[in-house]
Amino acid sequence: MAERYPFHAVEKKWRRRWEEEDLYAVPDFEDKPKYYCLEMFPYPSGKLHMGHVRNYAIGDVIARFKRMQGYSVLHPMGWDAFGLPAENAAIKHGIHPHDWTWQNISFMREQLKQLGFSYDWHREIATCHPDYYRWTQWLFLQFFHRGLAYRKKAPVNWCPSCATVLANEQVVGGVCERCKTPVVPRELEQWFLRITAYAERLLQDLDKLTGWPEKVKVMQRNWIGKSEGALINFPVVGREEGITVFTTRPDTLYGVTYLVLAPEHPLVMELAAEDRREEVGCFVERARLLPALSRTAGEQEKEGLFLGAFCRHPLTGEDIPIYVANYVLMEYGTGAVMGVPAHDQRDFEFARKFGLPIKVVIQPPGEVLDPDTMTAAYVDEGVLVNSGPFDGKPNLQAMGEIVAYLEEKGLGKRQVTYRLRDWLISRQRYWGAPIPIVYCDQCGIVPVPEEQLPVLLPYNVAFKPTGESPLKDCPEFVNTTCPRCGAPARRETDTMDTFICSSWYYFRYTSPKEDKAPWDKAKVNYWLPVDQYIGGVEHAILHLLYSRFFTKFLYDIGLVSCDEPFTNLLTQGMVLKDGAKMSKSKGNIVSPEEIVEHYGADTTRLFILFAAPPERDLEWSDEGVEGCARFLNRVWRLVRSLIPVVQGAGEPAESLSPPNRELRRLTHRTVERVTKDIEEFGLNTAVSAIMEFTNGLARYCEEVKPEERDPGTLREAVETLILLLAPFAPYMAEELWEQLGKKESVHRQAWPPYDPKLVVADQIEVVIQINGKVRGKVLVAATATPAEMEEAARREPRIEQLLAGKEVRKVITVPGKLVNFVVG
RNA sequence: GCCGGGGUGGCGGAAUUGGCAGACGCGUCGGACUCAAAAUCCGAUGGGGCCUGCCCCCGUGCGGGUUCAAGUCCCGCCCCCGGCACCA
């Protein structure tokens, strides 16, 4: 029975020692370059899943690697601890959300510790702790004082299942992002953060984020959805007030043949002709009742209705019919659109369906558009026609001129519009940070004074989802006095969206116990921005956009000195089983607990890093885990068998026999490979390089007689192997390091350097090609010149044979690589 | 439809700047050790061919092209995954 790495005992031993020595604590300031390595903190749902393990394993390799490279590394962990699941669990199992959450935290903390992640636990935070949410509330007040937190009545997304409203970002394809229930519109008075005030900067500064994946930046760009265009006023026949439309194509203004209003547009009913009121009312009602799902998800048949009213074209004075139609959205632009069927596909379809005229105003080069035979709108560039004084101009030029003309006449103006909406942050739920606001009959909306924070979440509350905050039924909470006039007043009972809590946690880690401010400025400015952020791509818009918004705001009010929080972002892929995301309903969950129990932390980590590059999805494989366990056992046996030789050995000898020189070369080449791979997140190839190194070392031991081995070279190889393995398999590396007789932790060692001179082989194998096909190989000195390479190639018997009697027209030599004979 | 990513053995995945396709691992097959098995170790493993030579042909989604040389570059397609989707 071959000896096996006794991971249970080793893990237990080192967990205790590391904790005793406080190995991973990082001082606030140190005389070293800083590196802030952060992974997205988890929601304490109960147990870790493989996605967490992957996320944190990747982060831990980076943190340990940087630490060994001499950085002072901030690598913290905490809990995104407010949220709905706690309340749902409470309702289902009769356990209080507070208790449920803290139980989960203590279980998951234990799991993280078992996995050997190198967090500084002194900096642990939980967003549901009053010491934390006190500052969440404080930050809300900063927004409030600057007019960036406001209350308004608006149509909002209501999730019937979660019994709360949702932000736009939390509605995906018309359904609730968390429970997939179709959301329904509701008209409610709610709190918003004015993220739209930062739309332009959030967009512009994406260009600064060179360390972010393009994918995420594109998603944010689309989400912000900037369009440049114009507002144009169309006077309504027989009325004072006109209709303002937003268009990105003012160059097509002369092609307008009708106007369309969104069903929710306030003018719809006003403008509807007497005899059409009822019909229009029905239409609007039908559109309104349709769940958001079918309104926004997928294109659907265009429906519309003539209102029986007309407006006047601002430039031609023509009468233009006004319609109401389902394809116009009230939320975007002005909720009114000018219909240009010839040059907008949607308008084209609508016009064809309702028999509206199609008027061509842009002619493509070398083609004449005929409205009667067109099968699709022409949306590209061309020259204006039927456009009065603008005829003959290129449309891009005309665009500016038409807007300028409208501005001059007071008929319209330049306008930039964003798709981004203000962030709805009220939640009608219990388990969140209370919004620190008091309503007073005399004074109105009054912010809770900072010195009265936190507004504590009461413990004894019935948290049934009724559609109203459970806090409403808690008189001790609701009833208060007005901070301004002292009269009886009521507290705001809604709590904050948990994304608020997670929008600033990375600042708090720098000074988690600070009680005079959300953070110590000097510390925040020392550590921030985060050098490397790692997490799932599902947060591409939500968390990452909100955090950028928060950071910019805090920068503006002078609380932080960076205006982007995350310099580099790595979005890791999902963990799949049988090609599908692990989920309870599919029954394909692999539990980290069981794997760690059965194979140990090192094997679990190693497999998850080896099986795929970090950004890609990872297919779980039990056999693959076995393979990694086998590898670690091999390392264990190999290193232990060499301890007697290695201990006490000195430096490698000056002059080495070929096998020793080869081993030395392998050692240094491996350091080079692993270093470069980790730097560019090729963690899977870093692991395979270590495996190859192990194989090479084992082969050396097999092939080279003990008396021919150079002890110094062997020592260097073995120590290097352990050092390289340390970020990936920290427990085993630490144990072997100690068995080697080392006194100080392997995790406090410097990352091994490599000597480029030693990496180069004495001899290199040159590929010999004839007409681009490999026909042989030859060993030459690494220093061989192209002429020497060619000469050596020609001398190869087989090549000589193949070239005999042929005319060599050309010879291409790539130094150190190949010789290619081109024969006629 | 638009945007982003991808398509390489039986599987997960490697391949600087265009320079030996398939590293490493899994699986499979064969062998050693063993009474036997497990564990461990060794060897083989893209497909095909015959003249069994450490030889030849084919081979990185498909069709063209550039080049001495293409998984990699160019043109035209197909398929898969992710995101957005009536945004005027």
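Values below: all heavy atoms of this structure, side chains included; hydrogens, waters and symmetry mates excluded. Naming: A, B, ... by sequence-line order, numbering from 1 per chain.
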Need one value for A:Val774: base, sugar-phosphate or nothing, where a base atom within 4.0 Å counts as base even if backbone is also close, heavy atoms only. sugar-phosphate
Between A:Arg637 and A:Glu3, is there a salt bridge with N-O shorter than 4.0 Å? no
When the C1' atoms of B:U8 and B:C62 are considered, how many whole Å apart are they? 15 Å
Among the candidates B:C24, B:C3, B:C84, find the nucleotide nearest to the side-chain atoms of A:Glu692. B:C24
Measuring only the P atom in each nucleotide, how far is B:G7 from B:G13? A whole number of Å is fine. 10 Å
Pairs counted only when both distances fall under 3.5 Å, Watson-Crick or G-U: show me the 5' to 3' dot-bracket for RNA chain B, [ ] for pseudoknotted crossings and | for other-strand partners. (((((((..(((......[....)))((((((.......))))))(((((..).))))..(((((..]....))))))))))))....
Rounding to an integer number of angstrom, what distance separates B:G83 and B:G27 when you compare their C1' atoms? 35 Å
Inspect the contact between A:Arg673 and A:Glu692 and indicate whether a charged nitrogen and a carboxylate oxygen are less than 4.0 angstrom apart. yes
How would you label the glycosidic angle of B:G9: syn (within 90° of 0) or anti? syn
Taking NZ, NE, NH1 and NH2 as the nitrogens, is one of them in A:Arg419 or A:Glu331 under 4.0 Å from a carboxylate oxygen of the other? no
Sugar-phosphate only, base, or nothing, as touched by A:Asn820 at under 4.0 Å among non-hydrogen atoms: base
Ring centroid separation A:Tyr323 to A:Phe350 under 6.0 Å: yes
Please state the C1' separation for the pair B:C51 and B:U40 - nearest whole angstrom. 42 Å
In whole angstrom, give the distance that lies between atom CD1 of A:Ile243 and atom P of B:A88. 19 Å
In whole angstrom, give me the gap between the P atoms of B:G10 and B:G48. 10 Å
Checking all strands, does A:Arg221 fall into the base, sugar-phosphate, or nothing category for heavy-atom contacts under 4.0 angstrom? nothing
Considering only atom P, compute the distance from B:C73 to B:U17 and round it to an integer number of Å. 11 Å
Donor-acceptor pair, distance only, cut-off 3.5 Å: does the side chain of A:Lys359 make one with the backbone of A:Tyr254? yes
Rounding to an integer number of angstrom, what distance separates B:C2 and B:G9 when you compare their C1' atoms? 36 Å
